[in-house]
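Naming convention: chains lettered A, B, ... in sequence-line order (proteins, then strands); numbering from 1 in each chain. Hydrogens, waters and symmetry mates play no part in the numbers below; they use all other heavy atoms, side chains included.
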Amino acid sequence: GWDVFEPIGFDAFGIHSENYALNVNTHPAKLIPSNIARFREQLKRTGLMVNWDHQLSTTDPEYYRWTQWIFLKLFESGNAVKKEAPVNWCPECKTVLANEQVIDGYCERHPGTRVHQRHLSQRFFTITRFAERLLENLKTLDWSESTRTMQTNWIGRSEGAELVFQTPAGTPIPVYTTRPDTVFGATYLVLAPEHPLVDEVTAAERQDDVGKYRRRAAQMDIVTRKVGDKEKTGVFTGTYARNPATGETVPIWIADYVLMEYGTGAIMAVPAHDERDYEFANKFELEIRRVVEPAPSAESVSQKGEAADLPFISWDGVLVNSGSFDGMSCRAGTGAITAWLAERGLAKAKVQYRLHDWCISRQRYWGPPIPIIYCDSCGTVPVPEADLPVLLPEIDDFRPDESGVSPLARHEEWYRVPCPTCGNLGRRETDVSDTFLDSSWYFLRYPSTDFDDRAFDKETSAKWLPVDSYIGGNEHAVLHLMYSRFITMVLHDMGYLEFEEPFSRFRAHGTIVKDGAKMSKSRGNVVVPDDYIAQWGADTFRMYLMFLGPYLEGGDFRDEGIAGIRRFLDRVWALIPDVAANSDEIDRQATRKLHQTIEKVASDLEGLHYNTAIAALMEYSNELRSLVASGSGVPAELMEPLIIMLAPFAPHFSAECWERVGKEGSVHDATWPAFDEELARADEIEVVVQVNGKVRGRMRVTPGLSRDEAVDSALADEGVKRFVEGKEVRKAIYVQDRLVNLVV
RNA sequence: GCGACCGUGGCGGAACUGGCAGACGCGCAGGAUUUAGGAUCCUGUGUCGAAAGACGUGAGGGUUCGAGUCCCUCCGGUCGCACCA
């Protein structure tokens, strides 16, 4: 009875589509429309009931015009910055990947292809500025726990401090640490190979070795660097820095176990209390100085690491060898030492995130061009909104090459345009944007597809958004959801939206496994609906999908149970001739079952427990079948609600049934049956009698029996007497309307 | 390695705040109908046992009158993160 808007769309920009187009040697602009038509046909055939009037396609200029508009808004608000940065380069895709698209150092789409580092000038969205809000808001969202956890981990907030070590020349080397309390144990310093100070701190006689090491690190792909066997490597710079706490000098090393992209790209190493530093110090024979003792009371000291009973990364301890801080707990020491160093300008508290800015540049063809024009005199000029869309030209040579620039950069006739500001000849940005940008705002477009003069209409958005119920795969738990939240926040801050979180409720559907592997397009083990629909009918097929397991958990796809669903529908069908329009007296028991079913189906649908909702409908139809078996007809009052409740599951079938029982109009417009608590209540229930926790009898009683009555009649039960006779009942537990447990 | 989720009949799976384990369906067995098969309908179907009953939710321990559910240890699986200082 509620107004519900369930839209659908197609997101066919991006590398998947482009690679496929390259494979079959057809232009994506030709391929996509026919594929969409095929999808649409199949979805309609399975009875997908969505609002086709508001469908959209992200490759449509009428859509990506507004994707470009979104980009302009980010640019306008200073959230789309250009940075020269080391990026993940997939030699197979021949393009840059977001960090999120690199899996264990391999390309997400080419599991056999290692991702390399490459330095390119890229456009980034400054999502890291929103890290705190993205994290905080998670608490307010009705999302599944696991998805929130994944987002929390991805944002990766940690609290600590930036401490300053100084070279003899006085150059400060800031390091980030979550454990400033251990600074007295920092016996050496490590810089990432890419650290900008490496050249400066390297002694003349060490230049060769350091240079060699850096070149090796630079060539190394991320697999060996990050995942490999984790055998520590490193090289000494020949110089020393001053530990701000002890005043002693400590050697400065270069090692690739320190990552440039996190913290300051430099660490203070505390080998006594950090496993990685410990391993490194052992290998290169560096000093290991213990500064934390297990607290006398604390048992939970980490036992990791061979030997030494060094409390690695544990907070349960007291400081030793730490000057005036000796005896302090680690936690107290953290604050005290940071404050003490801060007085001399050598420390400041700092919150660090693992989240990186979102690189949206793609050196590919099949995406929305980034609406920027570079002009020699005006610099970076955004394309005026009135000039949108910047159309993606239909070129034949869209295959990417090794150059690191988009195929569009080979088309001067396209990128040579006058500067919108001064009119001199300028140059379009030739990169296109990441597909994730298309999908990070599409939900805003759905209700507003009728507006061709704005991305989304404020009033329309206020009516329909944020999305009340959003369901997606777990693969979206990090990327898509994070990006969408970020874009929504930016638009909110700019005054375009009244809400800052796009999805009030999110649930991840489970994964369907077939032949032992996740069912997916890339694995090719998909089930094509056509054959099933031909053999069993669309309603049987879709209902079976809902019945085969819990929706949120997924499961194995196998054909074996599908006949059961077909039989169920056939049996409902067989009831129709027995439907009696006029029934004076309606069976009490069946009426009760009906109302219990109404309640169960409603709550199961809300909780997405489709399998148990269907089971409840089966039980109810069995109840009606037993009416027929006993010789009476099926009152229309009992049959019609069943047909209505079947409608979401078997839309074609229930529409036909509706007509057969003589109802006017469409079952899909019919009012959902109302639950009546009175009618659902049983007037007699079964209470189980246990003796010492074992079931020894059952009794039929009216609901609401008192404790004494219940115990008395339990004791009177013949079956129970046998076990109680001659013994003393020490205790009697009564759970209202459920059971009596006698302890003897 | 860290984190999250999960482990129940021959199979897919039910079981709200601890309260009859196995709903619903598949499969299987017997029966009805049929010349036969298929389809359909009825009955049965956790294990052991003739029965009474006992035993049963990955393994082991614990809390409780009572544990699939809560706690501890371990084993196995799925997913995510992974040298993040």
> Any Lys/Arg nitrogen of A:Glu279 or A:Lys232 sitting under 4.0 Å from an Asp/Glu carboxylate oxygen of the other?
Replying inline: yes
Side chains of A:Leu594 and A:Pro641: does their closest heavy-atom pair fall under 4.5 Å?
yes
Counting only distance, no hydrogens or angles, is the base of B:C20 paired donor-acceptor with the side chain of A:Arg698 under 3.5 Å?
-> yes
Rounded to whole Å, CG of A:Leu355 lies from C1' of B:C81 at a distance of 14 Å
Handout entry: Salt-bridge contact A:Arg157-A:Glu132 (side-chain N to carboxylate O under 4.0 Å)
Key = yes
Between CE of A:Met260 and C1' of B:A85 the distance, given in whole Å, is 14 Å
Minimum side-chain heavy-atom gap A:Leu163-A:Leu346 below 4.5 Å
no
task = Remember a base hit wins even if backbone is also touched, and classify A:Arg148 as base, sugar-phosphate or nothing at under 4.0 Å, heavy atoms.
result = nothing
Walking RNA chain B from its 5' end, the first of A:Gly156 and A:Glu619 to be reached, judged by nearest nucleotide, is A:Glu619
When rounded to whole Å, the CG to P distance for the pair A:Leu569 and B:A39 reads 18 Å
On a whole-Å scale, what distance lies between the C1' atoms belonging to B:U17 and B:U69? 11 Å
* Sub-3.5 Å donor-acceptor pair from the side chain of A:Thr264 to the main-chain atoms of A:Pro174, do we have one? -> yes
Between CG of A:Leu617 and P of B:C24 the distance, given in whole Å, is 14 Å
Are any protein N/O atoms closer than 3.5 Å to N/O atoms in nucleotides 10-14 of chain B? If there are, list each pair with its distance.
unit_1	atom_1	unit_2	atom_2	d
B:C11	O2'	A:Arg558	NH1	3.4
B:G12	O2'	A:Leu548	O	2.5
B:G13	O3'	A:Asn611	ND2	3.4
B:A14	OP1	A:Asn611	ND2	3.1

Of the listed B:C20, B:A54, B:C83, the closest approach to the A:Lys232 side chain comes from B:C83
Between A:Phe723 and A:Asp604, whichever has its closest RNA chain B nucleotide further toward 5' is A:Asp604
Here the distance between atom C1' of B:G80 and atom CZ of A:Arg354, to the nearest Å, is 12 Å
With syn defined as a glycosidic angle within 90 degrees of 0 and anti as anything else, the base of B:G9 is syn
- [ ] Pick base, sugar-phosphate or nothing for A:Glu686, based on heavy-atom distances below 4.0 Å to the nucleic acid.
- [x] base
Side-chain N or O of A:Asn741 versus OP1/OP2 of B:U64: is the shortest distance under 4.0 Å? no
A:Tyr353 OH to B:A85 P, in whole Å, measures 13 Å
Is a side-chain donor-acceptor pair under 3.5 Å present for A:Gln736 with A:Arg707?
no
From CD of A:Glu279 across to C1' of B:C83 the rounded distance in Å is 9 Å
task = Assess the side chains of A:Tyr734 and A:Ser706: does a donor N or O sit below 3.5 Å from an acceptor N or O?
result = no
N/O (side chain, A:Tyr262) to phosphate O (OP1/OP2, B:A85) under 4.0 Å: yes
For RNA chain B, the expected dot-bracket line (Watson-Crick or G-U under 3.5 Å, [ ] crossing, | inter-strand) is (((((((..(((......[....)))((((((.......))))))(((....)))..(((((..]....))))))))))))....
Quiz prompt | Distance, P atom - from B:G10 to B:C81, rounded to whole angstrom | solution = 37 Å
CG (A:Leu742) and CD1 (A:Ile733) are apart, to the nearest 0.5 Å, by 8.5 Å
Taken to the nearest 0.5 Å, the spacing of A:Arg354 CZ from A:Asn153 CG works out to 7.5 Å
Checklist entry - Just to confirm, is there a sub-4.0 Å distance from OP1 or OP2 of B:A39 to any side-chain nitrogen or oxygen of A:Arg567? => result no
- request: Determine the interatomic distance between C1' on B:A14 and the same-named atom on B:G31; round to the nearest Å.
  value: 29 Å
Rounded to whole Å, CG of A:Asn692 lies from C1' of B:A54 at a distance of 15 Å
- Message: Could you check whether A:Thr147 and A:Ser144, counting side-chain N and O atoms only, form a donor-acceptor pair closer than 3.5 Å?
- Response: yes
